[in-house]
Amino acid sequence: MAVTLRDVDRENFGRCIGLEVHEGQRGYVASNLYSIAQSKVEPALRPQAVYDGEEMVGFVMYGYDEEEGCHCIARVMIDKSHQGKGYGRAATTEVVRRLRAEPGCRQIALSVNPENRTAQALYESLGFEKTGEVAHGEEVMRLRLGE
Ligand SMILES: CC(C)(COP(=O)(O)OP(=O)(O)OC[C@H]1O[C@@H](n2cnc3c(N)ncnc32)[C@H](O)[C@@H]1OP(=O)(O)O)[C@@H](O)C(=O)NCCC(=O)NCCS
């Protein structure tokens, strides 16, 4: 498996907005169409397509949350046909690596639906901790990176 993150551009845009999660997961993540539109009005958020080799398997969006004043992972999704193969873990690990390398990044925040045990376990295994905060009905988790 060679997972890479690539910009969403005019070549791969159509494929990216066509990726979808299982029906029961739709409440867990915004559509990629919405996320790409959001990145247009929040340019500190970076939308990236997740590839295994030349095949697009998912989508992430990360960057700086201007409202919260904090680095964040805004989206992680793997297409329903590619889940459970390690792509979500690999993509999230790469996003954390990129954010850690950004100057001034002391912590990374994200929020997760309380019913989404799979995602919570994944984030916990990468060092994220629940904070007790709730944002838009989701539990906020943070990875503290120290000084
Ligand atoms: C959450 C999500 C990104 C995980 O991606 P994935 O590629 O399926 O996950 P991975 O194959 O990398 O597996 C990560 C861990 O989750 C576990 N896992 C994956 N699918 C699972 C399932 N259906 N049930 C239980 N555990 C599961 C794996 O066992 C793995 O744990 P391990 O590494 O300790 O063995 C993916 O399921 C998804 O897109 N879900 C819908 C959108 C979503 O919930 N996004 C997160 C919003 S906060």
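For ligands, and for the atoms within them, numbers begin at 1 and follow the listed sequence. What you see is a predicted model; the values in this text were computed from it and never measured.
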Taking 4.0 Å as the limit for heavy-atom contacts, which would you say applies to [X] with ligand 1: side chain only, backbone only, both, or neither?
| X | value |
| --- | --- |
| Phe59 | neither |
| Val76 | both |
| Gln25 | side chain |
| Lys85 | backbone |
| Asn116 | side chain |

For [atom], which protein heavy atom lies nearest, and how many Å away is it?
| atom | result |
| --- | --- |
| atom 30 (C) of ligand 1 | Arg89 NH2, 4.5 Å |
| atom 7 (O) of ligand 1 | Gly88 N, 2.7 Å |
| atom 1 (C) of ligand 1 | Ala119 CB, 4.1 Å |
| atom 16 (O) of ligand 1 | Thr118 CG2, 3.6 Å |
| atom 39 (O) of ligand 1 | Ile78 N, 2.8 Å |
| atom 42 (C) of ligand 1 | Val29 CG1, 3.7 Å |
| atom 11 (O) of ligand 1 | Gly86 N, 2.6 Å |
| atom 37 (O) of ligand 1 | Gln83 OE1, 3.4 Å |

Is there a protein heavy atom at a distance of less than 4.0 Å from [atom]?
| atom | value |
| --- | --- |
| atom 27 (C) of ligand 1 | yes |
| atom 19 (C) of ligand 1 | yes |
| atom 13 (O) of ligand 1 | no |
| atom 33 (O) of ligand 1 | yes |

Donor-acceptor pair, side chain of [X] and main chain of [Y], under 3.5 angstrom:
| X | Y | value |
| --- | --- | --- |
| Asn32 | Cys16 | yes |
| Asp7 | Asp9 | no |
| Asp79 | Gly58 | no |
| Glu139 | Pro114 | no |
| Gln25 | His22 | yes |
| Arg6 | Tyr51 | no |

Problem - Lys130 versus Gln120, side-chain donor and acceptor atoms under 3.5 Å - result: yes

Close-contact set for ligand 1 against [X] heavy atoms, below 4.0 Å:
| X | result |
| --- | --- |
| Ser111 | 48 (S) |
| Val21 | 41 (C), 42 (C) |
| Gly84 | 6 (P), 7 (O), 8 (O), 11 (O) |

Exercise for the section: Compute the minimum heavy-atom distance from Ser125 to ligand 1 and say whether it is under 4.0 Å. Expected result: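 So Ser125 does not count as touching ligand 1.
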
Practice task
Return yes when Ala90 approaches ligand 1 closer than 4.0 angstrom through a heavy atom, no otherwise.
Solution key: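 The answer is no, since Ala90 has no heavy atom less than 4.0 Å from ligand 1.
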
Problem - Closest heavy-atom pair and its distance - Ile78, Val21 - result: O-CG1, 4.1 Å

Problem - Nearest-0.5 Å distance that lies between atom OH in Tyr62 and atom NE2 in His71 - result: 10.5 Å

Problem - Interatomic spacing from CG in Leu19 to CE in Met56 - rounded to 0.5 Å - result: 6.0 Å

Exercise for the section: Decide yes or no for Ile108 and Leu145: does some side-chain heavy atom of the first lie under 4.5 Å from some side-chain heavy atom of the second? Expected result: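 Yes, side chains in contact.
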
Problem - Test: Arg98 and Glu94 ion pair at under 4.0 Å - result: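 Yes, this pair counts.
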
